[in-house]
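If you're wondering where the values come from, they're calculated on a predicted model, not measured in any experiment. Sequence lines set the chain letters: A, B, ... in the order given, protein chains first and strands last, and positions in each chain run from 1.
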There are 2 protein chains.
Amino acid sequence: MPAPSETQAPARIQIEDPRPLVDCGRYRAKAIEGDSYRVTAKIFKDGADLLRAVVKSRPKGGGEWAEHELTRIDAHVDGDTWAGSFPIPGRGIWEWTIEAWTDTFASWRSEVERKHAAGEPDLSGELSEGRLLMERYGVDPSNADTVERALDPRLLAEAESHPARDDATSLAAPIELQVDRERARFGSWYELFPRSWGGFKGVERQLPRLAELGFDVLYLPPVHPIGVTNRKGRNNVLDAAPEDPGSPWAIGHHDLGGHEAIHPDLGTEDDFRALCRSADEHGIEIALDFAIQTSADHPWLTEHPEWFNRRPDGTLKYAENPPKKYQDIYNVNWDSEDWRGLWQALLEVVLGWIDRGVTIFRVDNPHTKPTPFWEWLLGEVRARHPDVLFLAEAFTRRAKMQTLAKTGFQQSYTYFTWKSSRWELTEYIVELAYSDERHYFRPNFFVNTPDILTEELQHGGRPSFEARLILAATLGPTYGIYSGFENLENVPVRPGSEEYLDSEKYEAKRRSLDGPLLPLIGRINEVRRRHPALRSLDNVTFLDTANDALIGYAKRSYDDIVLVVVNVDPRWPQEGSLVVPAELGLPPAFGIADQLAGDRFTWHLGRNYVRLEPGKSHVLAVTA
Amino acid sequence: MPAPSETQAPARIQIEDPRPLVDCGRYRAKAIEGDSYRVTAKIFKDGADLLRAVVKSRPKGGGEWAEHELTRIDAHVDGDTWAGSFPIPGRGIWEWTIEAWTDTFASWRSEVERKHAAGEPDLSGELSEGRLLMERYGVDPSNADTVERALDPRLLAEAESHPARDDATSLAAPIELQVDRERARFGSWYELFPRSWGGFKGVERQLPRLAELGFDVLYLPPVHPIGVTNRKGRNNVLDAAPEDPGSPWAIGHHDLGGHEAIHPDLGTEDDFRALCRSADEHGIEIALDFAIQTSADHPWLTEHPEWFNRRPDGTLKYAENPPKKYQDIYNVNWDSEDWRGLWQALLEVVLGWIDRGVTIFRVDNPHTKPTPFWEWLLGEVRARHPDVLFLAEAFTRRAKMQTLAKTGFQQSYTYFTWKSSRWELTEYIVELAYSDERHYFRPNFFVNTPDILTEELQHGGRPSFEARLILAATLGPTYGIYSGFENLENVPVRPGSEEYLDSEKYEAKRRSLDGPLLPLIGRINEVRRRHPALRSLDNVTFLDTANDALIGYAKRSYDDIVLVVVNVDPRWPQEGSLVVPAELGLPPAFGIADQLAGDRFTWHLGRNYVRLEPGKSHVLAVTA
């Protein structure tokens with residue numbers, strides 16, 4: 001019979017179910033620099049010994065471990081779950097682990113205490129054990145010759161400061177964490193097509209006003225040369241007129257270049273660099289579209305035919321996303337024998353735009369590209385530019401969207417635009433805020449996009465625009481507006497379609513920042529910046545309103561509490577109550593200040609009467 | 001800039017969240033030989049290609065993989081979850097993995113079909129692609145020169161039989177599974193102290209009657225010599241009278257031996273072997289207690305003093321489980337420098353009893369011994385005797401109980417005895433039957449033990465004994481009775497205690513199988529054997545009864561459906577309804593046969609009137 005093979009007895013302390021953990025550690029959870037990061041685990045040992053545990057954290061692979069105590073929580077339920085937090089004072093990849101050990105001195109003391117309390121007459125054996133322990137822990141054992149003195153709390157305090165860690169046990173491997181800068185979680189986005197604003201120089205002239213309106217990110221669709229073959233005309237027709245500019249997503253032109261080039265109508269490379277610099281001075285970041293697809297005229301088609309998939313009859317397959325057809329667009333062949341060259345070229349495209357001043361990439365349809373490619377690309381970029389952010393534009397099934405987020409995308413588009421009613425919105429936000437998804441999936445709540453004019457906006461008029469704006473801006477730490485929203489644009493190309501009539505995707509418009517919603521937008525962006533409670537999603541609690549047309553919720557960050565109630569009925573005023581629950585920790589009566597209307601009231605725990613005109617909201621800061 | 005380093009493009013198919021998986025694969029899930037084992041995973045690829053997937057299974061490390069198809073489930077929800085089952089025709093450690101690949105032919109066909117349906121006029125490019133594919137798949141391409149012929153389902157069927165597996169991807173590592181024999185899940189246990197029945201020979205004489213009563217397992221507390229130092233007297237007093245036999249758990253005597261020895265009052269080794277043989281002939285297995293602890297007189301204390309923990313003053317620590325004290329019992333020192341020798345000796349004890357005919361071990365207080373020890377011991381035993389089963393007697397916090405089950409214990413004691421009301425019982429059974437625990441934790445529902453005479457039994461009289469019996473025997477695939485239950489023994493040693501007055505732990509009694517509950521016990525054991533529905537736990541559905549004193553549930557195994565309703569009120573008759581839901585798949589009217597009373601009725605979907613005397617039950621088999 002073989003004997004146990006280890007030379008030391010295996011660890012008797014179990015550390016199980018460490019959280020947050022994404023796919024058993026296959027992917028990284030995410031955090032923001034400056035966060036206090038909370039972890040939990042089940043920690044226990046056979047028998048009744050008392051344990052201690054710490055979470056240890058550091059930038060990946062380097063430096064000393066910082067230690068922070070874990071404490072047992074829910075002792076009245078299962079008693080074996082421990083929790084604690086550590087601060088994250090830097091960006092990049094961090095790692096953490098848990099170490100637990102037997103607190104031999106405290107275990108001994110607890111035994112003596114219990115037996116003494118039970119009236120045990122003779123504890124001399126226990127005391128003899130204690131004397132040895134005290135010597136080991138550097139505590140003067142002569143102080144402990146009676147039970148009463150052995151139990152002196154000062155002895156315990158002295159012993160606790162000793163570094164002894166009996167049975168010390170750690171997780172099998174540290175758990176990694178992707179730590180991003182705050183813009184990865186919090187920001188207000190504005191999307192515009194530069195060709196409708198006079199190119200880069202025209203856009204640059206809007207920066208002061210965009211900054212005044214409180215926008216943090218300016219997102220530009222592709223700025224590259226556009227193909228002429230199969231160019232789409234206005235309203236997506238197949239036969240473009242000679243003057244039609246084509247879709248910016250049909251990237252590449254024989255003479256003008258591909259993904260690395262700038263459309264000459266928009267300006268020069270210097271103009272683009274100037275735009276990025278000026279934006280930076282206004283506290284605005286430039287987000288650029290990254291669309292891995294080509295027009296039929298892209299230089300890669302001739303320079304790298306091996307990167308494309310030709311049928312045996314020589315034809316190329318154009319892109320489709322049924323029922324949508326993109327006859328002006330070709331996808332690359334990910335199964336190309338030269339996939340390495342293709343990946344490398346795409347990385348160089350991204351690095352080139354970072355060099356020009358881009359700090360955020362909005363990635364077009366990442367779910368139709370291989371997952372391993374994104375994991376590689378994002379890792380390569382992170383290694384060089386840890387502050388660059390990627391937003392995944394994937395409207396697809398949950399598992400794919402979740403996996404893209406797991407590969408490292410700092411933000412993701414969501415189903416928010418299609419969640420209208422109180423109950424579907426509540427269910428969806430609760431999923432994002434409280435499921436395991438919250439550890440790696442950060443939503444960006446666009447209220448509209450060039451592709452998405454929802455039925456709600458088509459039919460609800462200004463009240464729906466206002467309600468959706470306030471919902472997005474107060475539920476989503478990051479939210480976005482595509483240009484025209486502020487003008488209440490709401491006409492679809494045809495009934496039942498979510499495409500805009502005369503879509504800016506196929507024509508240039510004359511745009512300016514003068515829409516009727518801009519004052520409200522500027523106001524809510526200011527409120528967002530002022531209230532830390534609006535910078536997170538997992539701090540939301542939905543509140544009863546006694547009326548399904550009223551959506552109510554609270555957000556809290558330490559002392560900052562914001563209450564929101566929105567009338568999502570675009571046609572009628574609605575009355576109800578915002579029910580403030582005791583667990584928010586507010587006093588029975590408290591002051592509130594309406595951040596939109598400026599009014600102040602005294603509210604109470606429980607029901608507070610609310611009446612709102614169609615589409616209107618209260619955004620209420622608790623003032624005392 | 002470094003180029004991607006792999007020589008082949010990484011797999012584009014993702015296989016995520018394979019289930020069942022215990023602690024990310026650190027431990028094994030469990031199954032029973034003969035099971036059809038169901039697995040799920042999220043499987044997807046970028047883009048719109050159609051995928052296929054199989055689960056592959058085999059005995060660990062050996063033989064050909066058997067493959068079974070997975071299919072996409074909940075396509076209307078997220079569409080990326082696949083499920084399938086494989087049969088397990090053997091015992092021991094099995095392993096399974098998932099392989100997924102792109103069904104290139106079907107993907108091409110689906111594209112052609114969609115475009116054709118959409119009225120696409122020219123599909124010559126797609127057809128040229130198809131011709132190449134058909135050659136590759138060994139399908140005659142001349143049959144596919146038109147769209148209509150290319151879509152001929154016979155071509156698809158031909159192609160599907162081709163072994164091509166493009167992009168084939170598997171899990172990073174196979175997932176292991178502990179496959180036990182059926183007794184690990186299903187069985188009726190009877191516990192007795194041999195010294196109250198005339199030793200092994202006396203017990204052997206009870207075997208025909210125990211078999212007639214439908215018991216599968218006969219569990220014996222320790223049968224070893226008992227220490228004399230600090231021997232406990234009747235009712236757990238510290239000063240034993242000379243004739244007091246002591247507790248069987250105070251194992252070991254200077255002259256008579258320790259864990260490997262037999263108490264001479266019970267019989268000889270030959271008698272024990274004869275008992276095991278005879279039990280086997282009656283279809284009954286012998287389960288023996290395995291308690292790792294010693295009396296002060298155990299030979300190991302002198303032969304292996306290094307296996308025990310002495311205080312500096314020379315005293316040994318006796319065992320405690322506050323507020324219980326075991327002054328007659330000493331624990332071993334798991335931190336001994338010779339822990340290897342200790343582990344090995346314990347393994348040899350177990351192997352010795354297996355050699356004598358024991359097939360099941362009921363392990364006393366395993367949660368006070370190191371988890372790694374159990375993982376090692378169970379593995380060593382399994383390698384030699386894969387049919388030997390271990391039952392963990394741990395009444396402690398959930399995490400510890402769960403981890404013991406994860407290390408390989410085939411069965412576990414539960415909190416069942418203390419779950420009395422309809423709602424607490426429902427909540428607990430749902431946890432065991434539907435949480436992830438079900439994959440590794442198999443409950444054994446004892447109605448009482450020598451340590452547990454619940455208040456419910458103390459005060460409820462015969463009705464409570466009957467109700468608890470039927471609940472245990474119909475909810476638990478495995479359940480047990482400690483001798484005396486059938487006699488309605490219900491007097492505690494003092495008010496508020498769960499200990500029996502004149503407990504058999506400290507004295508020998510004169511027992512015989514003549515209790516008034518035996519006919520009901522025999523009857524329900526027979527019903528259990530006849531109905532496959534009663535052999536599982538995760539097939540239970542709780543039913544509404546419109547009365548909290550009536551607990552109702554259904555169990556189903558294929559065509560076998562059993563409905564149970566129990567009146568848990570020991571004092572009054574109760575009326576209500578058993579509400580049969582449509583999802584059981586029964587016709588609007590169906591026959592039922594009461595397995596206890598013998599009556600037959602016609603019942604209906606929806607409410608069926610029920611009236612039950614105190615403690616009585618209906619156990620109803622659906623007959624048509």
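When heavy atoms are compared at a cutoff of 4.5 Å, B:Glu129 approaches chain A by way of both its backbone and its side chain. When heavy atoms are compared at a cutoff of 4.5 Å, B:Asp23 approaches chain A solely by way of its side chain, counted from C-beta outward. Neither the backbone nor the side chain of B:Glu337 has a heavy atom closer than 4.5 Å to any heavy atom of chain A. Contact of B:Leu127 with chain A is not made at all, since no heavy-atom distance falls under 4.5 Å. For chain A, the nearby parts of B:Lys400 are the backbone and the side chain; heavy atoms of each come within less than 4.5 Å. Looking at B:Asp335, the atoms closer than 4.5 Å to chain A (heavy atoms on both sides) sit in the backbone and in the side chain alike. In this structure, chain A has heavy atoms under 4.5 Å from both the backbone and the side chain of B:Ser124. There is no contact between A:Leu316 and chain B, counting heavy-atom distances below 4.5 Å. No part of B:Ala172 comes within reach of chain A, as not one of its non-hydrogen atoms sits under 4.5 angstrom from that chain.
Within a 6.0 Å sphere centred on CZ of B:Arg311, heavy atoms belonging to other residues, nucleotides or ligands number more than 12. A 6.0 Å sphere centred on CD of B:Glu120 holds more than 12 heavy atoms belonging to other residues, nucleotides or ligands.
Using a 4.5 Å cut-off on side-chain heavy atoms (C-beta onward), B:Arg12 and A:Thr371 make no contact.
Using modelled atom types and a 3.5 Å distance limit, the side chains of A:Asp46 and B:Thr368 yield no donor-acceptor pair. Side chains of B:Thr104 and B:Asp166: a donor-acceptor N/O pair is present below 3.5 angstrom, by distance only. Checked by atom type, the side-chain pair A:Asp338/A:Trp307 shows a donor-acceptor distance below 3.5 Å.
Options B:Gly125, B:Gly47, B:Gly25 differ in how many heavy-atom pairs under 4.5 Å they form with chain A, and the most are formed by B:Gly125. Chosen from A:Lys45, A:Arg26, A:Glu16, the residue pairing most often with chain B at heavy-atom distances under 4.5 Å is A:Glu16. In terms of heavy-atom pairs under 4.5 Å with chain A, the best-connected choice from B:Leu404, B:Asn331, B:Asp313 is B:Asp313. Most heavy-atom pairs under 4.5 Å with chain B, from the set A:Asp167, A:Asp17, A:Thr403, A:Thr396: that is A:Thr403. The candidate from B:Glu375, B:Arg310, B:Glu111, B:Glu126 with the greatest count of non-hydrogen atom pairs under 4.5 Å with chain A is B:Glu126.
B:Ala41 and B:Ile15 get closest at one heavy-atom pair: CB-CG2, 4.1 Å.
Residues passing the ring-ring contact (aromatic ring centres under 6.0 Å, His included) test with A:Tyr428, sequence neighbours excluded: A:Tyr415. In this view, A:Tyr330 satisfies the ring-ring contact (aromatic ring centres under 6.0 Å, His included) rule with no residue, not counting sequence neighbours.
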